[in-house]
Amino acid sequence: MSDRRIAVISSGLSNPSSTRMLADRLAAETARVLGERDITVQVDVIELRDLAHDITDNLLTGFARPPLEEAINRVVSADALIAVTPIFSTSYAGLFKSFIDVLDPDALTGKPVLIGANAGTARHSLAIDYAIRPLFTYLHAEPVSTGVFAASSDWGANADEVAPLSARVERGARELAEAMARREASVASDPFDPDTYLGKGKSFGHLLGGLAGE
């Protein structure tokens with residue numbers, strides 16, 4: 001068996017929240033599909049609500065407190081990302097965008113992403129494609145084709161029976177699982193390991209020799 005890690009960003013403001021409910025369903029279904037391929041998964045859920053003050057401080061000072069630094073490291077080192085945000089004023093939540101802003105611009109390059117969003121009405125479902133997907137494309141991430149939107153009605157007795165939420169979750173999760181299965185597992189690098197900044201098998205002598213023109 002091989003291992004993969006998924007970082008899940010949930011930017012709901014309430015507790016409990018439908019944003020977290022959607023995030024959990026996407027993560028569970030992705031893990032199930034990967035299990036069919038004999039791939040085990042570790043899921044790290046990051047509740048941005050709990051990091052709101054640290055995110056604001058980082059935007060003002062450029063310094064990440066330990067909880068925020070840990071969350072950033074989980075996102076950067078993960079094999080894939082599930083990002084779920086509520087829709088406010090026809091776009092992603094400000095807290096969601098603020099967290100993305102504290103990441104290094106190259107941190108998500110090539111990373112598979114499953115986008116999820118929720119709002120009170122299905123009229124906001126297009127926000128995934130005109131607001132959220134372009135954000136991840138700009139960051140050179142690789143969002144899967146299916147974005148999963150959940151309206152308030154999807155959680156009740158009057159849920160859509162033609163395209164039920166469960167079917168949308170399954171489709172998006174399967175696409176993410178397939179993208180992850182095609183990639184080699186990420187290996188978190190130790191910033192204090194000389195191999196990280198010198199190159200595998202090289203020493204400070206190689207570095208000094210290169211600087212001297214040898």
Side-chain angles (χ1 to χ4, degrees), residues 2-11 19 23 26-27 30-31 33-34 37 39-48 51 54-55 58-59 62-85 91-117 127-148 171-202 207:
S2 57
D3 297 323
R4 296 291 191 277
R5 291 181 294 118
I6 301 174
V8 181
I9 298 175
S10 174
S11 57
T19 302
L26 292 171
T30 303
V33 175
L34 285 170
R37 296 171 175 263
I39 297 174
T40 58
V41 184
Q42 175 184 323
V43 177
D44 293 320
V45 180
I46 300 164
E47 280 279 9
L48 297 188
L51 299 170
D54 289 347
I55 292 171
N58 181 265
L59 291 172
F63 175 75
R65 297 180 185 275
L68 177 58
E69 183 177 21
E70 180 181 357
I72 292 172
N73 289 337
R74 288 181 178 180
V75 169
V76 171
S77 64
D79 295 288
L81 178 65
I82 295 175
V84 187
T85 176
S91 189
Y92 39 68
L95 180 60
F96 177 84
K97 180 57 164 58
S98 294
F99 178 75
I100 298 298
D101 285 343
V102 305
L103 299 176
D104 184 278
D106 298 323
L108 301 182
T109 297
K111 194 180 298 294
V113 180
L114 173 56
I115 300 170
I128 286 180
D129 289 322
Y130 69 67
I132 309 172
R133 188 179 301 278
L135 172 63
F136 285 107
T137 300
Y138 173 78
L139 294 170
H140 304 292
E142 297 181 0
V144 298
S145 298
T146 298
V148 182
R171 180 177 176 181
R174 188 165 295 278
E175 290 178 6
L176 183 66
E178 290 173 353
M180 293 176 66
R182 289 193 298 266
R183 293 163 52 91
E184 292 184 3
S186 297
V187 178
S189 60
D190 181 356
F192 299 104
D193 184 349
D195 283 345
T196 300
Y197 46 86
L198 293 176
K200 188 69 174 179
K202 292 188 177 181
L207 176 61

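Numbers here simply count residues along the sequence, with the first being 1. All values below come from the heavy atoms of this structure, side chains included, with hydrogens, waters and symmetry mates left out.
- Closest approach of Ser10 to Thr19, counting heavy atoms only: OG-CG2, 3.7 Å.
- With sequence neighbours left out, the side chain to side chain contact (heavy atoms under 4.5 Å, CB included) criterion links Arg174 to Arg32, Val33, Glu36, Glu170, Glu178.
- Looking only at side-chain heavy atoms (C-beta outward), Met180 and Ile6 come within less than 4.5 Å of each other.
- Minimum heavy-atom separation, Val8 to Ala23: CG1-CB, 3.7 Å.
- Side-chain contact between Ile100 and Leu103: present, with at least one pair of heavy atoms (C-beta onward) separated by less than 4.5 Å.
- Between Leu51 and Leu68, the shortest heavy-atom contact is CD2-N, 4.1 Å.
- Remark: the backbone N or O of Val84 is paired with a side-chain donor or acceptor of Ser11 at under 3.5 angstrom.
- Taking CD1 of Ile115 as the start and CD1 of Ile82 as the end, the distance is 11.5 Å to the nearest 0.5 Å.
- Here the closest non-hydrogen pair linking Ala80 and Leu176 is CB-CD1, 3.9 Å.
- Separation of atoms OG1 (Thr40) and CG (Asp3) is listed at 3.0 Å; rounding is to 0.5 Å.
- Between Val113 and Leu108 the shortest side-chain heavy-atom distance does not fall below 4.5 Å.
- A donor-acceptor pair is defined here as one N or O able to donate and one able to accept, closer than 3.5 Å; no such pair exists between the side chain of Arg4 and the backbone of Leu34.
- From Ile55, atom CD1 reaches atom CG of Leu95 across 4.5 Å, with rounding to the nearest 0.5 Å.
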Query raised in the report: Stepwise, does the side-chain contact (heavy atoms from CB on, under 4.5 Å) test hold for Leu135 with Phe96?
Result: CA-CA 11 Å; Leu135 172 63; Phe96 177 84; 4.0 Å; yes

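- Contact detail for Arg74 and Ala7: the closest heavy-atom pair is O-CB, 3.8 Å.
- Although no hydrogens or angles enter the test, the distance criterion places a donor-acceptor pair under 3.5 Å between the side chain of Asp79 and the main chain of Arg5.
- Between the CG atom of Leu114 and the CG atom of Leu26 there is a distance of 5.0 Å, given to the nearest 0.5 Å.
- Of all non-hydrogen atoms in Val75 and Lys111, the two that sit nearest each other are O-CE, 3.3 Å.
- Judged purely by atom type and a 3.5 angstrom limit, Lys97 has no side-chain atom pairing as donor or acceptor with the backbone of Tyr92.
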Compile the donor-acceptor pairs under 3.5 Å between side chains in residues 136-145 and protein atoms, sequence neighbours left out, one pair per line.
from: Thr137; atom 1: OG1; to: Arg133; atom 2: O; distance (Å): 3.0

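- Evaluation of the side chain to side chain contact (heavy atoms under 4.5 Å, CB included) rule for Arg65 yields Asp54, Asp57, Phe63, Pro67 as partners, not counting sequence neighbours.
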